[in-house]
Novice: 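Dropping the structure in here first, questions after.
Start at 1 and go down the list; that is how both ligands and their atoms are numbered.
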Amino acid sequence: MKLVGTWSYPTSIRFGAGRISEIGEACAAAGITKPLLVTDKGLADLPVTQTTLDLMEAAGLGRAMFSDVDPNPNEKNVAAGLAVYREGAFDGVIAFGGGSGLDLGKVLAFMAGQTRPLWDFEDIGDWWTRADPAGIHPVVAVPTTAGTGSEVGRAGVITNSESHEKKIIFHPRMLPLQVICDPELTVGMPKAITAGTGLDAFAHCVEAYCSPHYHPMSQGMALEGMRLVKEYLPRAYADGSDLEARAHMMSAAAMGATAFQKGLGAIHALSHPIGAHHHTHHGTTNAVCMPAVLQFNRPAVEDVLAQAAGYLGIEGGFDGFCAYVGGLNAELGIPRRLSDLDVRDPDIDTLVRDALNDPSTGGNPVEMTAENTRKLFEAVL
Ligand SMILES: [Fe+2]
(Lines give C-alpha, C1' and ligand atoms only; values in the text may rest on other atoms or scores of the structure.)
Protein backbone atom coordinates (compact mmCIF):
# COMPACT_ATOMS: atom_id res chain seq x y z
CA MET A 1 0.00 0.00 0.00
CA LYS A 2 1.28 3.46 -0.90
CA LEU A 3 1.37 5.53 2.29
CA VAL A 4 0.06 8.79 0.81
CA GLY A 5 -3.24 10.58 1.40
CA THR A 6 -4.96 13.95 1.69
CA TRP A 7 -7.25 14.03 4.71
CA SER A 8 -9.71 16.60 6.04
CA TYR A 9 -10.13 15.18 9.53
CA PRO A 10 -9.61 16.73 12.04
CA THR A 11 -8.06 19.33 9.72
CA SER A 12 -6.50 19.40 6.24
CA ILE A 13 -3.59 16.95 6.29
CA ARG A 14 -1.21 16.38 3.38
CA PHE A 15 0.22 13.00 4.35
CA GLY A 16 3.09 11.26 2.62
CA ALA A 17 6.83 11.16 2.03
CA GLY A 18 8.16 14.22 0.18
CA ARG A 19 5.07 16.37 0.69
CA ILE A 20 7.06 19.11 2.43
CA SER A 21 7.52 20.23 -1.20
CA GLU A 22 3.88 21.45 -0.95
CA ILE A 23 4.71 24.08 1.69
CA GLY A 24 3.90 26.86 -0.81
CA GLU A 25 0.48 25.38 -1.64
CA ALA A 26 -0.23 24.79 2.05
CA CYS A 27 0.52 28.43 2.91
CA ALA A 28 -1.65 29.61 0.00
CA ALA A 29 -4.51 27.38 1.18
CA ALA A 30 -4.16 28.84 4.68
CA GLY A 31 -4.14 32.40 3.30
CA ILE A 32 -0.55 33.07 4.34
CA THR A 33 1.66 35.24 2.12
CA LYS A 34 4.39 36.18 4.62
CA PRO A 35 5.02 33.35 7.09
CA LEU A 36 7.33 33.19 10.08
CA LEU A 37 8.72 29.68 10.52
CA VAL A 38 8.84 28.90 14.25
CA THR A 39 11.04 26.07 15.46
CA ASP A 40 13.42 25.21 18.30
CA LYS A 41 17.14 25.91 18.62
CA GLY A 42 18.11 22.28 18.07
CA LEU A 43 16.32 22.08 14.72
CA ALA A 44 17.24 25.50 13.35
CA ASP A 45 20.45 24.45 11.61
CA LEU A 46 19.44 20.92 10.60
CA PRO A 47 19.09 20.08 6.89
CA VAL A 48 15.31 19.43 7.14
CA THR A 49 14.81 22.99 8.36
CA GLN A 50 17.17 24.57 5.85
CA THR A 51 15.48 22.64 3.02
CA THR A 52 12.09 23.89 4.19
CA LEU A 53 13.38 27.49 4.25
CA ASP A 54 14.68 26.96 0.69
CA LEU A 55 11.24 25.69 -0.39
CA MET A 56 9.58 28.70 1.24
CA GLU A 57 11.92 31.06 -0.54
CA ALA A 58 11.35 29.33 -3.88
CA ALA A 59 7.60 29.76 -3.35
CA GLY A 60 8.05 33.51 -2.83
CA LEU A 61 7.34 33.32 0.90
CA GLY A 62 10.73 34.53 2.16
CA ARG A 63 12.82 32.54 4.66
CA ALA A 64 12.08 34.17 8.02
CA MET A 65 12.65 31.99 11.08
CA PHE A 66 12.30 32.36 14.84
CA SER A 67 14.05 29.62 16.81
CA ASP A 68 14.67 31.08 20.26
CA VAL A 69 12.49 28.40 21.85
CA ASP A 70 13.35 26.46 24.99
CA PRO A 71 12.67 22.70 25.16
CA ASN A 72 9.69 23.56 27.39
CA PRO A 73 8.53 26.87 25.83
CA ASN A 74 7.69 29.59 28.36
CA GLU A 75 6.01 33.01 28.35
CA LYS A 76 9.37 34.71 27.69
CA ASN A 77 9.71 32.74 24.44
CA VAL A 78 6.16 33.82 23.56
CA ALA A 79 6.99 37.50 24.23
CA ALA A 80 10.22 37.35 22.22
CA GLY A 81 8.50 35.58 19.33
CA LEU A 82 5.58 38.02 19.33
CA ALA A 83 7.99 40.97 19.14
CA VAL A 84 9.66 39.42 16.06
CA TYR A 85 6.31 38.49 14.52
CA ARG A 86 4.73 41.93 14.94
CA GLU A 87 7.90 43.79 13.95
CA GLY A 88 8.10 41.76 10.72
CA ALA A 89 4.37 42.19 9.97
CA PHE A 90 4.00 38.48 9.26
CA ASP A 91 0.55 37.14 8.39
CA GLY A 92 0.84 33.54 9.54
CA VAL A 93 3.06 30.93 11.17
CA ILE A 94 4.69 27.75 9.92
CA ALA A 95 4.92 25.80 13.19
CA PHE A 96 7.78 23.38 12.59
CA GLY A 97 9.24 20.74 14.87
CA GLY A 98 8.41 18.58 17.85
CA GLY A 99 6.14 19.69 20.67
CA SER A 100 8.03 22.86 21.54
CA GLY A 101 8.22 24.33 18.02
CA LEU A 102 4.64 23.36 17.19
CA ASP A 103 3.17 24.63 20.46
CA LEU A 104 5.06 27.91 20.46
CA GLY A 105 4.22 28.50 16.79
CA LYS A 106 0.52 27.91 17.42
CA VAL A 107 0.48 30.14 20.50
CA LEU A 108 2.30 32.95 18.63
CA ALA A 109 -0.26 32.88 15.82
CA PHE A 110 -3.07 32.82 18.38
CA MET A 111 -1.62 35.77 20.33
CA ALA A 112 -0.74 37.78 17.20
CA GLY A 113 -3.76 40.07 17.41
CA GLN A 114 -4.77 39.70 21.08
CA THR A 115 -4.61 42.57 23.55
CA ARG A 116 -5.05 40.58 26.77
CA PRO A 117 -2.10 38.83 28.45
CA LEU A 118 -1.25 35.20 27.64
CA TRP A 119 -2.36 33.68 30.95
CA ASP A 120 -5.88 35.04 30.43
CA PHE A 121 -6.33 32.26 27.86
CA GLU A 122 -5.44 29.31 30.04
CA ASP A 123 -7.68 26.29 29.44
CA ILE A 124 -10.05 26.94 32.33
CA GLY A 125 -13.82 26.92 31.81
CA ASP A 126 -14.77 29.26 28.98
CA TRP A 127 -11.69 31.52 29.24
CA TRP A 128 -11.03 30.88 25.54
CA THR A 129 -14.06 33.04 24.74
CA ARG A 130 -12.02 36.03 25.97
CA ALA A 131 -10.00 35.87 22.75
CA ASP A 132 -10.71 38.09 19.76
CA PRO A 133 -11.15 35.55 16.92
CA ALA A 134 -10.20 38.21 14.35
CA GLY A 135 -6.78 38.46 15.99
CA ILE A 136 -5.95 34.78 15.53
CA HIS A 137 -3.56 34.26 12.61
CA PRO A 138 -3.41 31.09 10.49
CA VAL A 139 -0.98 28.21 11.07
CA VAL A 140 0.57 25.59 8.81
CA ALA A 141 1.90 22.84 11.09
CA VAL A 142 4.79 20.58 10.08
CA PRO A 143 5.72 17.90 12.64
CA THR A 144 9.29 16.59 12.61
CA THR A 145 8.72 14.02 15.35
CA ALA A 146 5.99 11.41 15.70
CA GLY A 147 4.59 11.81 19.19
CA THR A 148 3.05 15.05 20.41
CA GLY A 149 0.40 15.21 17.69
CA SER A 150 0.21 18.94 18.39
CA GLU A 151 -0.26 19.45 14.64
CA VAL A 152 -3.88 18.33 15.06
CA GLY A 153 -4.45 19.89 18.48
CA ARG A 154 -6.27 23.03 19.56
CA ALA A 155 -3.94 23.96 22.40
CA GLY A 156 -0.35 24.83 23.19
CA VAL A 157 1.50 23.97 26.39
CA ILE A 158 3.47 26.91 27.80
CA THR A 159 5.47 26.67 31.04
CA ASN A 160 5.14 29.52 33.53
CA SER A 161 8.80 30.33 34.18
CA GLU A 162 8.05 31.65 37.69
CA SER A 163 5.79 28.92 39.07
CA HIS A 164 7.25 26.16 36.82
CA GLU A 165 3.71 25.01 36.06
CA LYS A 166 2.78 23.82 32.59
CA LYS A 167 -0.23 25.81 31.44
CA ILE A 168 -2.48 24.84 28.54
CA ILE A 169 -3.49 27.71 26.28
CA PHE A 170 -6.62 26.67 24.39
CA HIS A 171 -8.78 27.99 21.60
CA PRO A 172 -10.75 25.95 19.04
CA ARG A 173 -9.26 28.08 16.27
CA MET A 174 -5.72 27.29 17.35
CA LEU A 175 -6.15 24.13 15.25
CA PRO A 176 -3.73 24.50 12.31
CA LEU A 177 -5.55 25.13 9.02
CA GLN A 178 -3.08 23.00 7.08
CA VAL A 179 -0.79 20.17 8.18
CA ILE A 180 2.04 18.54 6.28
CA CYS A 181 2.82 15.09 7.68
CA ASP A 182 5.98 14.11 5.81
CA PRO A 183 7.58 11.05 7.42
CA GLU A 184 10.90 11.79 5.69
CA LEU A 185 11.28 14.70 8.12
CA THR A 186 11.45 12.23 11.03
CA VAL A 187 14.10 9.94 9.56
CA GLY A 188 16.99 11.72 11.30
CA MET A 189 15.47 11.50 14.80
CA PRO A 190 17.92 9.92 17.26
CA LYS A 191 16.89 6.60 18.83
CA ALA A 192 16.10 8.02 22.28
CA ILE A 193 13.83 10.69 20.80
CA THR A 194 12.15 8.15 18.50
CA ALA A 195 11.38 6.07 21.60
CA GLY A 196 10.30 8.95 23.85
CA THR A 197 8.09 10.69 21.29
CA GLY A 198 6.61 7.40 20.06
CA LEU A 199 5.72 6.43 23.60
CA ASP A 200 4.08 9.84 24.08
CA ALA A 201 1.79 8.92 21.17
CA PHE A 202 1.17 5.56 22.87
CA ALA A 203 0.36 7.29 26.19
CA HIS A 204 -2.13 9.57 24.40
CA CYS A 205 -3.87 6.52 22.92
CA VAL A 206 -3.87 4.55 26.20
CA GLU A 207 -5.09 7.45 28.33
CA ALA A 208 -7.76 8.51 25.84
CA TYR A 209 -8.92 4.89 25.58
CA CYS A 210 -9.13 4.55 29.39
CA SER A 211 -10.74 7.92 30.06
CA PRO A 212 -14.30 7.46 31.35
CA HIS A 213 -15.87 10.13 29.13
CA TYR A 214 -18.21 9.10 26.28
CA HIS A 215 -16.54 9.57 22.90
CA PRO A 216 -16.70 6.39 20.81
CA MET A 217 -14.96 8.02 17.81
CA SER A 218 -11.95 8.69 19.99
CA GLN A 219 -12.16 5.21 21.44
CA GLY A 220 -11.78 3.60 18.02
CA MET A 221 -8.98 5.91 17.01
CA ALA A 222 -7.07 5.31 20.23
CA LEU A 223 -7.27 1.55 19.79
CA GLU A 224 -5.95 1.59 16.23
CA GLY A 225 -3.30 4.12 17.29
CA MET A 226 -2.06 1.62 19.90
CA ARG A 227 -1.88 -1.07 17.23
CA LEU A 228 0.22 1.12 14.94
CA VAL A 229 2.63 1.90 17.79
CA LYS A 230 2.86 -1.78 18.72
CA GLU A 231 3.62 -2.79 15.18
CA TYR A 232 5.82 0.06 14.01
CA LEU A 233 7.57 1.80 16.92
CA PRO A 234 10.03 -1.06 17.49
CA ARG A 235 10.77 -1.01 13.75
CA ALA A 236 11.31 2.78 13.62
CA TYR A 237 13.52 2.47 16.71
CA ALA A 238 15.60 -0.37 15.25
CA ASP A 239 16.02 1.28 11.84
CA GLY A 240 15.38 5.03 11.69
CA SER A 241 15.37 4.96 7.88
CA ASP A 242 12.42 2.51 7.73
CA LEU A 243 10.07 4.94 6.01
CA GLU A 244 7.02 2.68 6.27
CA ALA A 245 7.45 2.48 10.05
CA ARG A 246 8.09 6.24 10.25
CA ALA A 247 4.89 6.90 8.26
CA HIS A 248 2.70 4.72 10.46
CA MET A 249 4.18 6.32 13.59
CA MET A 250 3.36 9.74 12.19
CA SER A 251 -0.26 8.60 11.78
CA ALA A 252 -0.30 7.13 15.30
CA ALA A 253 0.85 10.50 16.69
CA ALA A 254 -1.91 12.43 14.92
CA MET A 255 -4.45 9.80 15.99
CA GLY A 256 -3.39 9.89 19.64
CA ALA A 257 -3.71 13.65 19.81
CA THR A 258 -7.08 13.59 18.05
CA ALA A 259 -8.28 10.85 20.39
CA PHE A 260 -7.33 12.67 23.57
CA GLN A 261 -10.18 15.11 23.09
CA LYS A 262 -11.78 12.29 25.13
CA GLY A 263 -9.41 13.00 28.00
CA LEU A 264 -5.94 12.17 29.32
CA GLY A 265 -5.17 10.93 32.80
CA ALA A 266 -2.66 10.30 35.56
CA ILE A 267 0.30 9.59 33.24
CA HIS A 268 0.14 13.15 31.92
CA ALA A 269 -0.91 14.58 35.30
CA LEU A 270 2.33 13.21 36.78
CA SER A 271 4.51 13.87 33.77
CA HIS A 272 3.61 17.56 33.37
CA PRO A 273 4.88 18.73 36.80
CA ILE A 274 7.92 16.44 36.63
CA GLY A 275 8.84 17.90 33.25
CA ALA A 276 8.17 21.47 34.38
CA HIS A 277 10.28 21.21 37.55
CA HIS A 278 13.00 18.79 36.42
CA HIS A 279 13.19 19.41 32.63
CA THR A 280 12.79 15.76 31.68
CA HIS A 281 11.69 14.64 28.22
CA HIS A 282 7.88 14.57 28.13
CA GLY A 283 7.32 11.29 26.29
CA THR A 284 10.08 9.45 28.12
CA THR A 285 8.64 10.64 31.45
CA ASN A 286 5.22 9.34 30.41
CA ALA A 287 6.75 5.98 29.54
CA VAL A 288 8.39 5.67 32.96
CA CYS A 289 5.09 6.52 34.66
CA MET A 290 2.83 4.24 32.58
CA PRO A 291 3.37 0.87 34.33
CA ALA A 292 2.58 2.31 37.79
CA VAL A 293 -0.43 4.24 36.48
CA LEU A 294 -1.87 1.12 34.83
CA GLN A 295 -1.77 -0.68 38.20
CA PHE A 296 -3.20 2.41 39.93
CA ASN A 297 -6.13 2.45 37.49
CA ARG A 298 -6.61 -1.31 37.48
CA PRO A 299 -10.00 -1.36 39.27
CA ALA A 300 -11.50 0.89 36.58
CA VAL A 301 -9.71 -0.27 33.43
CA GLU A 302 -9.14 -3.99 33.84
CA ASP A 303 -11.95 -4.93 31.47
CA VAL A 304 -11.41 -2.30 28.77
CA LEU A 305 -7.67 -2.96 28.62
CA ALA A 306 -8.38 -6.68 28.38
CA GLN A 307 -10.49 -5.86 25.30
CA ALA A 308 -7.66 -3.76 23.90
CA ALA A 309 -5.23 -6.60 24.52
CA GLY A 310 -7.50 -8.87 22.47
CA TYR A 311 -7.47 -6.43 19.55
CA LEU A 312 -3.71 -6.00 19.79
CA GLY A 313 -3.05 -9.75 19.78
CA ILE A 314 -1.73 -9.71 23.36
CA GLU A 315 -2.57 -12.75 25.47
CA GLY A 316 -3.41 -12.62 29.16
CA GLY A 317 -5.94 -9.76 29.34
CA PHE A 318 -5.07 -6.82 31.59
CA ASP A 319 -1.98 -8.49 33.06
CA GLY A 320 -0.82 -9.37 29.58
CA PHE A 321 -1.24 -5.73 28.52
CA CYS A 322 0.85 -4.56 31.50
CA ALA A 323 3.55 -7.13 30.73
CA TYR A 324 3.59 -5.96 27.12
CA VAL A 325 4.08 -2.32 28.23
CA GLY A 326 6.95 -3.30 30.52
CA GLY A 327 8.58 -5.25 27.71
CA LEU A 328 8.14 -2.42 25.21
CA ASN A 329 9.76 0.07 27.62
CA ALA A 330 12.69 -2.30 28.13
CA GLU A 331 13.08 -2.89 24.38
CA LEU A 332 13.18 0.87 23.75
CA GLY A 333 15.71 1.62 26.49
CA ILE A 334 13.27 3.40 28.84
CA PRO A 335 14.48 3.47 32.47
CA ARG A 336 12.29 2.07 35.22
CA ARG A 337 12.52 5.03 37.61
CA LEU A 338 12.48 8.81 37.30
CA SER A 339 15.71 8.96 39.31
CA ASP A 340 17.32 7.43 36.21
CA LEU A 341 16.12 10.50 34.27
CA ASP A 342 18.12 12.71 36.66
CA VAL A 343 15.15 13.70 38.79
CA ARG A 344 17.00 14.58 42.01
CA ASP A 345 15.59 15.72 45.37
CA PRO A 346 12.03 16.14 44.12
CA ASP A 347 9.68 18.29 46.18
CA ILE A 348 6.84 15.77 46.36
CA ASP A 349 4.40 18.21 47.99
CA THR A 350 4.75 20.57 45.02
CA LEU A 351 4.55 17.74 42.49
CA VAL A 352 1.34 16.44 44.11
CA ARG A 353 -0.19 19.92 44.21
CA ASP A 354 0.61 20.57 40.54
CA ALA A 355 -0.56 17.11 39.45
CA LEU A 356 -3.93 17.63 41.14
CA ASN A 357 -4.24 21.02 39.40
CA ASP A 358 -3.33 19.58 36.01
CA PRO A 359 -6.22 19.47 33.50
CA SER A 360 -5.35 15.84 32.66
CA THR A 361 -6.30 14.77 36.19
CA GLY A 362 -10.03 15.04 35.44
CA GLY A 363 -9.78 12.37 32.71
CA ASN A 364 -8.27 9.70 34.94
CA PRO A 365 -10.66 6.80 35.48
CA VAL A 366 -9.73 6.54 39.19
CA GLU A 367 -10.17 9.70 41.22
CA MET A 368 -6.82 11.23 42.13
CA THR A 369 -6.43 12.46 45.71
CA ALA A 370 -3.47 14.00 47.55
CA GLU A 371 -2.91 10.68 49.28
CA ASN A 372 -3.01 8.30 46.33
CA THR A 373 -1.16 10.72 44.04
CA ARG A 374 1.68 10.95 46.56
CA LYS A 375 1.91 7.15 46.60
CA LEU A 376 1.92 7.12 42.83
CA PHE A 377 4.82 9.60 42.72
CA GLU A 378 6.72 7.52 45.27
CA ALA A 379 6.22 4.46 43.07
CA VAL A 380 7.71 6.11 39.97
CA LEU A 381 10.50 8.12 41.64
FE1 LIG B 1 1.77 13.92 25.81
Novice: Got a salt bridge between Lys167 and Asp123, using NZ or NE/NH1/NH2 to carboxylate O under 4.0 Å?
Specialist: no
Novice: So, Thr285 versus Thr280: side-chain donor-acceptor pair below 3.5 Å or not?
Specialist: yes
Novice: So what's near the Fe ion (ligand 1), protein N, O or S atoms under 2.8 Å?
Specialist: Asp200 OD1, His204 NE2, His268 NE2, His282 NE2
Novice: Does any donor atom in the side chain of Asp354 or His272 lie under 3.5 Å from an acceptor atom in the other side chain?
Specialist: no
Novice: What I want to find out is whether Glu224 reaches Arg227 closely enough, with some N-O distance under 4.0 Å, to be called a salt bridge.
Specialist: yes
Novice: Is the His137 to Tyr85 ring centre distance short of 6.0 Å?
Specialist: yes
Novice: Please tell me whether His268 and Glu207 have a donor and an acceptor in their side chains that are separated by less than 3.5 angstrom.
Specialist: yes
